[in-house]
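Below is one structure; the comments refer to it alone.
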Amino acid sequence: MAEPTFRAPKGTRDILPPESGRRRALVDRFADSAALSGFGEVVSPIFEDLGVFKRLGESTDIVTKEMFDFVDKGDPPQHLALRPELTASICRAYAEHRPIPPWKIWYEGPQFRYEQPQAGRYRQFTQVGVEILGADDPQADVDVIALGARFFESLGLRQVTLMVNSLGDESCRPAYMEALTAYLTDRVGDLSAQSQVTLERNPLRVLDSKRDEDQSIIDAAPVMVDFLGGETADHFDAVRSGLDELGIAYEISSRLVRGLDYYTRTTFEFAATALESAQNAVGGGGRYDGLVEDLGGPATPGIGFALGVDRILLACDAEDVFAAPGPSVSVFVVDVTGGSVALDACQRLRAGGIGADRAYGGRSMKAQMKVADRSGAPFAAIVGEDELAAGEVTLRDLRGESGQRRVALDDLVSDVRSLLSN
RNA sequence: GUGGGCGUAGCUCAGUUGGUUAGAGCGCCUGGUUGUGGUCCAGGAGGUCGGGGGUUCGAAUCCCCUCGUUCACCCCA
């Protein structure tokens, strides 16, 4: 293949029709269901002060080695970063604007991480998500999780597994960390080299290892839920019973630790089991009760999730659901008299709310009919010399058996409208 | 960041042990007389075989480097 002069940067891609229409439909559907649950949209900047993301934790790869950061032209220059995730931006916005809690918001947009691309993993990827700030109630957790679960169902996905865990809070996690660290340290010689390094940085993350040699050790490791204190245990119980009440299936996964350090108590993840690849997490989230305060705001509990649009679409492919939307125009105007009638007819149809398109460049009728067919439009409006002289068009049914007939150009909009309505 | 697979027309791919002007299907364009698409038929456009270097009389075919892609680790959506 001849190498083009420029191509989309590594890990990025162009999303073209009809796939782009499918993404649009997915985001629209998410927006609808979020609005139905009382969430409003927040549109936040695509880059932030680097410090906003630094607060996510020094032991997360997302912050330490996957950030697209740069300095601007200011004096003094400001150190900025393309957002690697959106929860931090939302918390920054909350701390900045102090909306009335509970603040229920949803968002959509691209995020950036400097990673090795592979299936379902891109340097620019899109997430949709929701957050509730200022609500400690376990029923907020349930509402949020339910929104995610129902959204996957609404797309037609059936092979999505919900895993839930609690990571405790500052009152009980230290005891667990101590027990886990002691347990892993005792067996450090049997851990993979990678996990030995991870143990030094963040013992919790060892539970995430997929290396074979680690599995038996991980399976027998102490689990957080056994260490939950009274309040956090009650919270977790309430979340579970809430999910049970709503009939939402889930698994308790004691190894679900998530990648961001800010999580406390409830954490969860949606895995698309129809995906063969390792990148089968289509969504995840949890509580982050200390994040707003870390960013300079008032102590505020928070819970939310982010769903990966790119991966969801891959999962939809794997399950063969949520197909791209069909054609968008209803009438294709074929004009072999120079094109001015097509110009006029298209404007009339569009003004009347009817999708219309046409060919350009004065091609033959045969060629224009081919384009009309390809457009997916149910009707063609054909204009030849006869029609031009009579002020009419030939309205032809391209998909059914009703043939064609002549109609006055002035009646085109109303005739098409009545044809489309039955 | 580490390791493996792959990289031939817009797309999906063939290309024999390296040997003359690189092929197919689909798609696209133009036709198949006298205004009509979806089937059929005939033509046509389109590739310096990802890029660079090397081996050789000769390389898409072998070697090296590089870029991209893909899979796994890692990480995560």
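Given the structure is predicted, the values throughout are model-derived calculations rather than measurements. Both backbone and side-chain heavy atoms feed into the values below; hydrogens, waters and symmetry mates do not. Throughout, protein chains are lettered first and strands after them, A, B, ... in sequence-line order, and every chain is numbered starting at 1.
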Which parts of nucleotides 31-38 of chain B does protein reach within less than 4.0 Å, heavy atoms only, written one letter per nucleotide 5' to 3' as B for base, S for sugar-phosphate only and - for none?
-B--BBBS
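- Residues from residues 28-35 of chain A lying near RNA chain B, meaning a heavy-atom separation below 4.0 Å, are absent.
- Every side-chain contact (heavy atoms from CB on, under 4.5 Å) that A:R158 has, sequence neighbours left out, goes to A:E153, A:E319.
- Evaluation of the side-chain hydrogen bond (donor to acceptor under 3.5 Å, both in side chains) test over residues 378-388 of chain A, restricted to residues two or more places apart or in two chains, returns A:E387-A:T394.
- Residues passing the side-chain hydrogen bond (donor to acceptor under 3.5 Å, both in side chains) test with A:E108: none are found, sequence neighbours excluded.
- Applying the ring pair (Phe, Tyr, Trp, His ring centres under 6.0 Å) rule to pairs touching residues 385-408 of chain A yields nothing, sequence neighbours excluded.
- A donor-acceptor contact under 3.5 Å is not formed by the side chain of A:Q116 with the base of B:A72.
- B:G3 and B:G46: their C1' atoms are spaced 38 Å apart (whole Å).
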Can you give each donor-acceptor pair under 3.5 Å made by side-chain atoms of residues 321-333 of chain A, sequence neighbours left out, with the distance rounded to 0.1 Å?
none

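- Partners of A:Y288 according to the side-chain hydrogen bond (donor to acceptor under 3.5 Å, both in side chains) rule, which considers only residues two or more places apart in sequence or in another chain, are A:E131.
- The shortest distance between the side-chain N/O atoms of A:R7 and the OP1/OP2 oxygens of B:G50 is not below 4.0 Å.
- The side-chain hydrogen bond (donor to acceptor under 3.5 Å, both in side chains) pairs that include a residue from residues 363-374 of chain A are A:D373-A:R399, where partners are two or more places apart or lie in different chains.
- Applying the side-chain hydrogen bond (donor to acceptor under 3.5 Å, both in side chains) test to pairs two or more places apart or on separate chains, those with a residue in residues 117-130 of chain A are A:R23-A:T126, A:Q111-A:Q127.
- Remark: RNA chain B forms stems of 3 or more consecutive Watson-Crick or G-U wobble pairs, all pair distances under 3.5 Å, at B:1-7 with B:67-73, B:10-13 with B:23-26, B:28-32 with B:40-44, B:50-54 with B:62-66.
- Residues satisfying the side-chain contact (heavy atoms from CB on, under 4.5 Å) test with A:D14, not counting sequence neighbours, are A:A8, A:L16.
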